[in-house]
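Sharing a structure here in structure tokens format.
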Protein chains: 2
Amino acid sequence: MSDSPEKLSVWCAGEEWCPITTTASLIGKKWHPVIIHRLLDNGPSGFNELKENVDGISSKVLSDSLEDLQEKGLVDREVINEQPFRVNYSLTEHGESLESVITEMAAWGQTYLQEPTEADEPTE
Amino acid sequence: MSDSPEKLSVWCAGEEWCPITTTASLIGKKWHPVIIHRLLDNGPSGFNELKENVDGISSKVLSDSLEDLQEKGLVDREVINEQPFRVNYSLTEHGESLESVITEMAAWGQTYLQEPTEADEPTE
DNA sequence: CGGCATCCACATGGATACTG
DNA sequence: CAGTATCCATGTGGATGCCG
């Protein structure tokens, strides 16, 4: 885990390649940061275990997100049992390397955000 | 700028409020991190100046994103001249406080990502 | 210059049901 | 348990044109 993995080649939206745009394309999806956060926190997890921890996600969206994260090389999927069928989702080296980013996001949220009260509820 | 602003009340997707989910909802849009990054880097900017710096964005999307960021209390808009018409977009205190997150994202991208070559181009 | 209006394509997300 | 299938609503992004 300590030896840095080779760099990921990732495309980027704009004309010229930009680290932050590209990073945003990796984790700038609604559920990706949370999924990675849960995997960092709880370690390798099964599908439904992850679904419980990522509060409010549907199986389809979790399935789609995990597939996306696998394609991006951040998450690993391993079948650990056939009967009963069990899989294990874990972070790759790249996925784990995101800890600093995820931690920073969580810390920022802790510091600068608060849970809204009923009074804040948008009446719109 | 040094006194920490009051916390933002932001809704979150899941059942229970979660800092990282909520943070992700603030900056987990395709262009938001880049826009904030550019404002951090170049300071307050006009609309087209920002459009140039955020490489590849259309005016509609930039307009939408800026509106979203204003609603979320991260960006300020100020009309600084009527004739010729000029506005200035800048970061609020909350927006500036995101520097650590944005920096971490950019640093991660620098370390773990590389610009893909033609060979990596998806033929799909 | 700094947008908004319009239109449209596609992506994303959610609910529900069903399968091996 | 670990998904897939389906359907549908909404979101997001891009192109173009126009306006004060």
Side-chain angles (χ1 to χ4, degrees), chain A residues 11-15 18 21-22 24-35 38-39 42 44-72 75-90 122 124, chain B residues 11-15 18 21-22 24-35 38-39 42 44-72 75-90 122 124:
Chain A
W11 290 91
C12 156
E15 311 289 310
C18 160
T21 309
T22 313
S25 78
L26 289 184
I27 60 170
K29 302 291 188 64
K30 183 168 180 183
W31 295 104
H32 289 199
V34 205
I35 293 171
R38 298 303 190 262
L39 286 174
N42 307 324
S45 312
F47 186 85
N48 281 322
E49 186 185 353
L50 208 47
K51 187 166 177 300
E52 292 306 307
N53 292 332
V54 179
D55 171 63
I57 198 171
S58 71
S59 17
K60 183 209 167 202
V61 176
L62 178 57
S63 181
D64 290 351
S65 303
L66 285 171
E67 190 178 350
D68 191 34
L69 288 168
Q70 283 171 70
E71 279 168 13
K72 283 165 174 169
V75 161
D76 239 11
R77 176 183 187 267
E78 190 189 4
V79 178
I80 56 171
N81 206 340
E82 287 291 347
Q83 196 56 251
F85 193 51
R86 284 203 128 276
V87 296
N88 219 15
Y89 288 98
S90 57
E124 18 149 349
Chain B
W11 289 92
C12 158
E15 311 290 309
C18 161
T21 309
T22 313
S25 79
L26 288 184
I27 60 170
K29 301 292 188 62
K30 184 167 179 183
W31 295 106
H32 288 199
V34 204
I35 294 171
R38 298 303 190 262
L39 287 174
N42 307 324
S45 312
F47 186 86
N48 283 322
E49 185 185 353
L50 208 47
K51 188 166 179 296
E52 293 304 307
N53 293 332
V54 179
D55 172 62
I57 199 171
S58 71
S59 21
K60 182 210 169 204
V61 177
L62 179 56
S63 181
D64 290 352
S65 304
L66 285 170
E67 189 178 352
D68 190 34
L69 288 167
Q70 285 170 69
E71 279 169 12
K72 283 164 173 168
V75 161
D76 240 11
R77 177 182 187 268
E78 189 190 4
V79 178
I80 56 171
N81 206 340
E82 288 290 350
Q83 198 55 251
F85 193 51
R86 285 204 129 274
V87 295
N88 219 17
Y89 289 98
S90 57
E124 19 151 350

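Computation of the quantities below employed the complete heavy-atom set of this structure, encompassing side-chain atoms and omitting hydrogens, waters and symmetry-equivalent molecules. Below, chain A is the first sequence line, B the second, and so on; all start at residue 1.
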Working to the nearest 0.5 Å, report the span between CZ of B/Arg77 and CG of B/Leu69.
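One gets 13.5 Å once the value is rounded to the nearest 0.5 Å.
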Give a yes/no answer on whether the side chain of B/Arg77 brings an N or O atom under 4.0 Å of OP1 or OP2 in C/dG2.
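The answer is no; no side-chain N or O of B/Arg77 sits under 4.0 Å from OP1 or OP2.
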Specify the separation, in whole Å, of atom CD of B/Glu71 and atom P of D/dG11.
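In whole Å, D/dG11 P lies 12 Å from B/Glu71 CD.
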Does the side chain of A/Ser59 come within less than 4.5 Å of A/Phe47's, by heavy atoms?
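A/Phe47 reaches A/Ser59 side chain to side chain.
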For A/Trp11 and A/Thr22, which heavy atoms make the closest approach, and how far apart are they?
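Answer, listing the atom of A/Trp11 first, then A/Thr22: O-CG2, 3.8 Å.
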Output the distance between atom CG (B/Leu39) and atom CD1 (B/Ile35), rounded to the nearest 0.5 Å.
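B/Leu39 CG to B/Ile35 CD1: 7.5 Å, rounded to 0.5 Å.
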Between the first and last five pairs of the helix from C/dC1-D/dG20 to C/dG20-D/dC1, the angle of the axes, rounded to 10 degrees
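Angle reported: 50°, given to the nearest ten degrees.
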Measuring from B/Tyr89:OH to B/Leu50:CG, what's the distance to the nearest 0.5 Å?
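Reported to 0.5 Å precision, the distance equals 8.5 Å.
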Integer-rounded Å distance: C/dG14 P and A/Ile57 CD1
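Checked: the CD1 to P distance equals 7 Å.
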In whole Å, I'd like the distance from the CG atom of A/Asn48 to the C1' atom of D/dA2.
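Those two atoms, CG and C1', are 6 Å apart.
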Interface residues of residues 80-88 of chain B with DNA chain C (non-hydrogen, below 4.0 angstrom):
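Heavy-atom cutoff 4.0 Å gives B/Phe85, B/Arg86, B/Val87.
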Give every pair of a protein N or O atom and an N or O atom of nucleotides 7-13 of chain C that lie under 3.5 Å apart, one pair per line with the distance.
from, atom 1, to, atom 2, distance (Å)
C/dT12, OP1, A/Lys29, NZ, 3.2
C/dG13, N7, A/Lys60, NZ, 3.0
C/dG13, O6, A/Lys60, NZ, 3.2

Send over the distance from A/Glu67 CD to D/dA5 P, rounded to a whole Å.
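In whole Å, D/dA5 P lies 11 Å from A/Glu67 CD.
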Which distance, rounded to the nearest 0.5 Å, do you find between the CG of B/Asn53 and the OG of B/Ser45?
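Atom-to-atom, B/Asn53:CG and B/Ser45:OG are 6.0 Å apart.
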Phosphate contact (C/dC1 OP1 or OP2) by B/Tyr89 side-chain N/O below 4.0 Å:
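Result: no.
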Rounding to a whole Å, what distance do you find between B/Asp55:CG and D/dG14:P?
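Computing the B/Asp55:CG to D/dG14:P distance gives 11 Å.
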Looking at A/Lys72 and A/Ile27, would you say the former's side chain and the latter's main chain have a donor-acceptor pair under 3.5 Å?
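No, A/Lys72 side chain to A/Ile27 backbone: no donor-acceptor pair under 3.5 Å.
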Work out which heavy atom in B/His32 is nearest to a heavy atom in B/Leu26; give both atom names and the distance.
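Where B/His32 meets B/Leu26 most closely, the heavy atoms are ND1-O, 3.2 Å.
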Rounded at 0.5 Å granularity, tell me how far NZ in A/Lys30 sits from CD1 in A/Ile57.
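Reported value, rounded in 0.5 Å steps: 9.0 Å.
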Starting at atom NZ of B/Lys51, determine the distance to atom P of C/dG3, rounded to an integer number of angstrom.
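The answer, rounded to whole Å, is 12 Å.
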With heavy-atom distances below 4.5 Å as the criterion, would you say the side chains of A/Thr21 and B/Asp55 are in contact?
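When only atoms from C-beta onward are counted, B/Asp55 and A/Thr21 do not touch, as no gap falls below 4.5 Å.
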Atom CD of B/Glu52 to atom C1' of C/dG3: distance rounded to whole Å?
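In whole Å, C/dG3 C1' lies 15 Å from B/Glu52 CD.
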Mind calculating the distance between CD (B/Glu78) and C1' (C/dC1) to the nearest angstrom?
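The distance from CD of B/Glu78 to C1' of C/dC1 comes to 16 Å, rounded to the nearest Å.
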Out of C/dA17, C/dC4, D/dC1, which has the shortest distance to the side chain of A/Ser59?
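Nearest nucleotide to the side chain: C/dA17.
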Minimum heavy-atom distance between B/Pro44 and B/Asn88, given as atom pair plus value:
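In terms of heavy atoms, the two residues are closest at CB-ND2, 3.5 Å.
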